[in-house]
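FYI, side chains are in, hydrogens and waters are out, and symmetry mates aren't considered; it's all heavy atoms of this structure.
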Amino acid sequence: DAASAMTASRFGRSLSDFIFGPPRDSDAATDFALRQVATHVGACFLYEAARNDGVAPSVVVGCGAGEIAALVAAGVFTFEAGLDIVCLRAAAIMARARPGAMLGMEVSADRLHHLLRFLYRRHLQIAGVNSDRHCQLSGPPEDIAALEAVALALGLTTRRSPSPHPLHSPAMSGAVAPFLDSISHLSPGAPTLPVWSASLGRAYTARDDILACLAYQLVEPIDIVAAVRDLSGHGFVDCGSQGELAAWLNATARAGSVFSLDGGDGSIKGHIAAIRDTLAGRPSPQAIAQPTPPPAAPPRAADIAARIIA
């Protein structure tokens with residue numbers, strides 16, 4: 001109810017209508033904002049479901065907007081405050097960030113750096129490293145299209161994100177100050193768990209200005225692989241990517257050490273129990289509050305609803 005009321009007042013469409021209502025034509029910016037809110041709500045719900053069923057984390061890891069969910073999970077913000085931050089973040093992006101595009105590519109970061117030097121498209125940026133063999137890029141639409149053409153010629157798999165903005169790149173700089181100003185009224189609490197930031201490349205400390213870090217994260221690339229390596233030897237539970245992040249990270253981490261809460265059969269509760277039992281012998285199971293890597297097309301409302309309700 002809180003999420004629906006907030007999205008209706010700020011974006012002209014409620015979250016419940018976006019999830020449960022009939023399909024309707026709407027602008028890409030509004031869809032982007034509502035997807036961000038839906039992902040945040042789903043990640044927080046799944047995290048609480050996992051905790052209630054005995055998956056006890058020792059650290060939470062945030063990646064992109066998922067860092068807000070991680071901070072909520074650690075008690076730094078209430079659920080309502082986290083929801084407010086997600087909405088204000090989306091509003092600042094919609095109002096002040098440059099338009100652009102994002103592209104996922106099955107390629108290592110090293111190889112991608114060489115490819116970008118060859119293309120010499122200076123506005124193309126590696127926005128995120130999801131595994132040793134998968135990266136996310138941001139840039140102007142024409143530069144992303146040029147990269148897609150080269151990738152096709154090289155036989156590299158790519159997938160467009162539905163984001164109308166080049167997240168985690170310098171093109172987002174216009175949104176940093178407005179976003180920070182809009183959340184300056186909030187007072188972060190002390191975390192009850194360590195919170196690892198994929199943009200900072202470390203856990204938050206008492207010296208960090210959390211609100212400023214969240215704002216500057218808009219222009220900073222993210223590297224979830226580094227977090228997995230630095231926290232190696234433990235089990236990870238992905239609370240928000242519908243299994244895709246877990247698949248990517250299992251290709252990088254110790255095989256079978258990353259689990260998804262999406263069991264594939266709609267039974268989230270049963271899947272949590274299976275993960276809990278599997279992790280029982282591990283020294284310190286952890287939960288990743290992580291947004292869904294952008295799909296080829298916006299997820300169907302019925303699919304989102306099924307995952308939240310199950």
Side-chain angles (χ1 to χ4, degrees), residues 1-49 60 62-74 76-97 102 161-165 167-168 172 175 178-180 182-183 185-186 211 214-215 217-218 222 238-242 244-245 261-262 268 288-295 297-310:
D1 291 345
S4 287
M6 193 175 293
T7 53
S9 65
R10 297 186 180 181
F11 306 117
R13 186 179 182 187
S14 72
L15 182 63
S16 59
D17 180 64
F18 179 68
I19 294 174
F20 300 109
R24 67 157 93 167
D25 291 333
S26 57
D27 63 278
T30 300
D31 283 353
F32 163 78
L34 291 169
R35 279 195 302 272
Q36 295 271 297
V37 176
T39 299
H40 175 78
V41 171
C44 290
F45 172 85
L46 290 176
Y47 174 81
E48 285 302 316
V60 286
C63 184
E67 200 162 301
I68 301 167
L71 290 163
V72 169
V76 175
F77 300 112
T78 64
F79 172 77
E80 291 76 15
L83 184 62
D84 192 27
I85 294 170
V86 172
C87 288
L88 291 169
R89 180 181 186 269
I93 291 171
M94 292 166 64
R96 301 297 295 271
M102 297 187 73
S161 160
S163 172
H165 301 286
L167 303 175
H168 305 293
M172 302 296 294
F179 175 42
L180 180 56
S182 71
I183 61 176
H185 64 285
L186 296 170
L211 299 179
L214 287 177
Q217 182 213 70
L218 291 173
I222 53 179
D238 170 17
C239 291
S241 77
Q242 301 175 19
E244 194 164 23
L245 179 68
L261 287 186
D262 182 0
I268 291 175
I288 296 179
Q290 165 72 17
T292 304
R300 292 174 59 249
D303 294 337
I304 300 174
R307 286 186 168 87
I308 294 177
I309 293 172

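His40 meets the ring pair (Phe, Tyr, Trp, His ring centres under 6.0 Å) test with no other residue; sequence neighbours excluded. The side chain to side chain contact (heavy atoms under 4.5 Å, CB included) test applied to Ala29 returns Asp27, Met94, not counting sequence neighbours.
Side chains of Asp31 and Pro162 form no contact here, defined as non-hydrogen atoms less than 4.5 Å apart. Put simply, the side chain of Ile85 does not reach to within 4.5 Å of the side chain of Glu67, judged on heavy atoms.
The two residues Arg96 and Pro178 have their closest heavy-atom pair at NH1-CG, 3.4 Å.
The main-chain N or O of Gly64 is found under 3.5 Å from a side-chain atom of Gln217 such that the two form a donor-acceptor pair.
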Self-check item: Working for side-chain contact (heavy atoms from CB on, under 4.5 Å), residues Thr7 and Phe18
Solution: CA-CA 10 Å; Thr7 53; Phe18 179 68; over 6 Å; no
Exercise. Apply side-chain contact (heavy atoms from CB on, under 4.5 Å) to Leu214 and Phe77, showing your working.
Key: CA-CA 13 Å; Leu214 287 177; Phe77 300 112; 4.2 Å; yes
Practice problem: Applying side-chain contact (heavy atoms from CB on, under 4.5 Å), run through Ile93 and Leu167 and close with a yes or a no. | Solution: CA-CA 9 Å; Ile93 291 171; Leu167 303 175; 3.9 Å; yes
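Applying the salt bridge (Lys or Arg N to Asp or Glu O under 4.0 Å) rule to pairs touching residues 83-95 yields Arg10-Asp84, sequence neighbours excluded.
The environment of CZ in Arg13 is crowded: more than 12 heavy-atom neighbours from other residues, nucleotides or ligands sit within 6.0 Å.
Judged by distance alone, the side chains of Ser4 and Ser14 never bring a donor and an acceptor atom under 3.5 Å apart.
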